[in-house]
There are 2 protein chains.
Amino acid sequence: MFAARNIYKMKGREFKDAMYDGLAKLLKALANPARLEIIEMLSQGEKSVEGIVQTTNLNFANASQHLQVLKNNNIVKARKEKQYVFYSLVNNEFLSLYQHIARYAVSEIAELERIMNRQRDDNKSLNAVGLDELETMINNENVLLLDVRPSAEYEFGHITGAVSVPMPDLLCCLKDFSKDKEIVAYCRGPFCVLADEAVKVLSENGYKVRRLDEGYPEWKMKQLESN
Amino acid sequence: MFAARNIYKMKGREFKDAMYDGLAKLLKALANPARLEIIEMLSQGEKSVEGIVQTTNLNFANASQHLQVLKNNNIVKARKEKQYVFYSLVNNEFLSLYQHIARYAVSEIAELERIMNRQRDDNKSLNAVGLDELETMINNENVLLLDVRPSAEYEFGHITGAVSVPMPDLLCCLKDFSKDKEIVAYCRGPFCVLADEAVKVLSENGYKVRRLDEGYPEWKMKQLESN
DNA sequence: CAAGTATTCAATAGATATATTGAATACTTG
DNA sequence: CAAGTATTCAATATATCTATTGAATACTTG
């Protein structure tokens, strides 16, 4: 047991064991698909347990348990307001680490690369826009930037200049966007399919549209780092 | 099962599940203390299974099994020469990710921070030198830099200007180092205790000595990034 | 090709992680 | 304070992970 190593003086082997045990404990907390999805959701802004349940496949008890694991490993923090408990990521250092892991996995694990390419292909969003390219397009003022996440997430933070058009709205009542400007749709991140769906619908309706490779959290961290 | 999702077209939920499963699979491969120690050893340069066994607590069968797990997850690669199998990390992108994880854990997990401080305190090496500070000291030419790892690791790569004094040598026959220059000892990284032991011995013998906060792999990555 | 060495395989028991279920708690509002 | 709602707890069966053991394989060298 980890805490049992808390004795006065440690020999070298005990020190190493304690450090590697602690590191492994953190990684174990991350090494679960449901918890990874929760992390991605919380990187959009704080959410109640119900908020997590609505945007994932999890039921209440299950979501709550996974959130406890994340909390016990200092990955998320909880805030109580009225009868609700709002969870959020502890800090941006963690978000930066999570994004590094995701970026590595997508670019270095062939299996994941292949799955991602097929997803993008099926949704006509293979030709995704990178964050750097987006910046250039914004500076040239020839882009209409759509945030297709739920409006609550948009309100927690969004890319400067983006317009909020949640997917249900986009599907029910296709607005008349200008066909002059190129449209770029973005959502929660590379694993989020909302932007893929938006690209599919819009391109089938004759718009010139691409998705952003990444999502709002990646844009946010990039802004922070360039300061 | 991960591979079973390999069907022609995926709905959004299936895509997300496949991506998070794949990400979790990678993290599970990392989430084990023995494998983390192996990774740290391999970040010093390639090693045979026997090399791993000698520098860890593992027996052959166990080390071999963990190495298979790492290989199946594209974390290490194997090269066969004569009767030996030499393992090494796949690439520097992975090493960079590993170091990010370790750095995060040490600075953001209170428990690990505490254990590390006690270790450094016990070995009189609390006042460690950072990589930036070391660079300044080297430029001012007022430092004797000791690499206290086994000489094989020194030969795979070492900090420019460092002298190889493996721990056994240092312990058996304390050389007459100049007492004018400050000594800085370094080893495999922040979880390695060799430099701590070196600091302890040397400072008890009247030398002005500190350890490097990090190790050779961290120095190497920093060099790569500044290009 | 026989002997020796390095590594891997296969089987297994014990430990740990996970989803599910139903109940308990805590808080708010009328 | 009663009723309703959000969240957590506790128990459990199943699945997965891990260390250990003894044997098998693969390669080299004499």
Side-chain angles (χ1 to χ4, degrees), chain A residues 1-4 13 17 20-39 41-42 46-73 75-88, chain B residues 1-4 13 17 20-39 41-42 46-73 75-88:
Chain A
M1 179 50 205
F2 188 42
R13 184 70 245 170
D17 283 347
Y20 288 122
D21 282 359
L23 208 44
K25 186 163 170 281
L26 170 69
L27 287 163
K28 274 201 177 85
L30 291 179
N32 175 283
R35 288 197 289 273
L36 289 169
E37 191 176 3
I38 291 177
I39 287 167
M41 289 306 159
L42 294 184
E46 70 172 12
K47 277 189 156 58
S48 66
V49 180
E50 188 176 18
I52 295 292
V53 169
Q54 284 167 354
T55 48
T56 63
N57 255 352
L58 304 167
N59 60 36
F60 271 88
N62 205 181
S64 178
Q65 267 176 216
H66 282 304
L67 284 163
Q68 302 309 312
V69 173
L70 292 172
K71 200 173 84 172
N72 292 336
N73 284 278
I75 294 168
V76 309
K77 56 178 191 274
R79 170 177 84 79
K80 195 155 196 178
E81 184 183 316
K82 300 194 175 175
Q83 69 266 63
Y84 304 96
V85 179
F86 291 99
Y87 286 91
S88 55
Chain B
M1 179 49 205
F2 189 41
R13 185 70 245 171
D17 283 346
Y20 288 122
D21 281 358
L23 207 44
K25 187 164 169 282
L26 169 69
L27 287 163
K28 274 201 176 85
L30 291 179
N32 174 284
R35 289 197 288 273
L36 290 168
E37 191 176 3
I38 290 176
I39 288 168
M41 288 305 161
L42 294 183
E46 70 171 14
K47 278 190 155 59
S48 65
V49 180
E50 187 175 18
I52 294 294
V53 169
Q54 284 167 354
T55 46
T56 62
N57 255 353
L58 305 167
N59 60 36
F60 272 88
N62 205 182
S64 178
Q65 266 176 220
H66 283 303
L67 283 163
Q68 301 309 312
V69 174
L70 292 172
K71 200 173 85 171
N72 293 336
N73 284 279
I75 294 168
V76 308
K77 57 179 190 275
R79 170 178 84 79
K80 194 153 195 179
E81 185 184 315
K82 299 195 176 174
Q83 68 266 64
Y84 303 96
V85 179
F86 290 99
Y87 286 91
S88 55

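In what follows, chains are A, B, ... by sequence order, proteins preceding strands, each numbered from 1. Just so it is clear, the model here is predicted, and its values are computed rather than measured. The basis for the numbers below is simple: all heavy atoms, side chains too, and nothing from hydrogens, waters or symmetry mates.
- Atom CG of Asp21(B) and atom P of dA19(C) are 11 Å apart (whole Å).
- Nearest nucleotide to the side chain of Ser48(B), out of dA17(C), dT7(C), dT18(C): dT7(C).
- Counting heavy atoms from C-beta on, the side chains of Leu58(A) and Ile38(A) come closer than 4.5 Å.
- Interface residues of residues 75-84 of chain B facing DNA chain C, ordered by number: Gln83(B), Tyr84(B); criterion, heavy-atom separation under 4.0 Å.
- Of the side-chain N and O atoms in Arg35(A), none sit less than 4.0 angstrom from OP1 or OP2 of dA17(C).
- No donor-acceptor distance shorter than 3.5 angstrom exists from the side chain of Arg35(B) to the backbone of Leu70(B), with no hydrogens or angles considered.
- Between Asn32(B) and dC17(D) there is no side-chain N or O to OP1 or OP2 distance below 4.0 Å.
- Nearest heavy atom pair, residue Ala63(A) against residue Ile52(A), reads CB-CG2, 4.2 Å.
- If you take CD of Gln54(A) and C1' of dT7(D), they are 14 Å apart, rounded to a whole angstrom.
- Atom-to-atom, NZ of Lys71(A) to C1' of dC9(D) comes out at 13 Å; the value is rounded to the nearest Å.
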Evaluate Arg13(B) against Glu37(A) for salt bridge (Lys or Arg N to Asp or Glu O under 4.0 Å), listing each step before the verdict. CA-CA 11 Å; Arg13(B) 185 70 245 171; Glu37(A) 191 176 3; 2.8 Å; yes
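- The nearest whole Å value for the distance from the CD atom in Glu50(B) to the C1' atom in dC27(D) is 15 Å.
- Rounded to an integer number of Å, the gap from OH of Tyr20(A) to P of dT18(D) is 17 Å.
- Side-chain contact check for Ile39(B) versus Leu30(B): some heavy-atom pair is nearer than 4.5 Å.
- Rounded to whole Å, atom P of dC17(D) lies 15 Å from atom CG of Leu27(A).
- Within residues 57-70 of chain B, the residues approached by DNA chain C to less than 4.0 Å at the level of any non-hydrogen atom are Phe60(B), Ala61(B), Ser64(B), Gln65(B), Gln68(B), in residue-number order.
- Helical stems in DNA chain D, defined as runs of 3 or more consecutive Watson-Crick or G-U wobble pairs with both donor-acceptor distances under 3.5 Å, are listed by first residue as C:1-30 with D:1-30.
- Within the nucleic acid shown, Tyr87(B) comes within 4.0 Å of sugar-phosphate atoms alone, with no base atom in reach, counting heavy atoms only.
- Shown here for Val49(A) and Ser64(A), the closest heavy-atom pair between the two residues is CG1-N, 4.5 Å.
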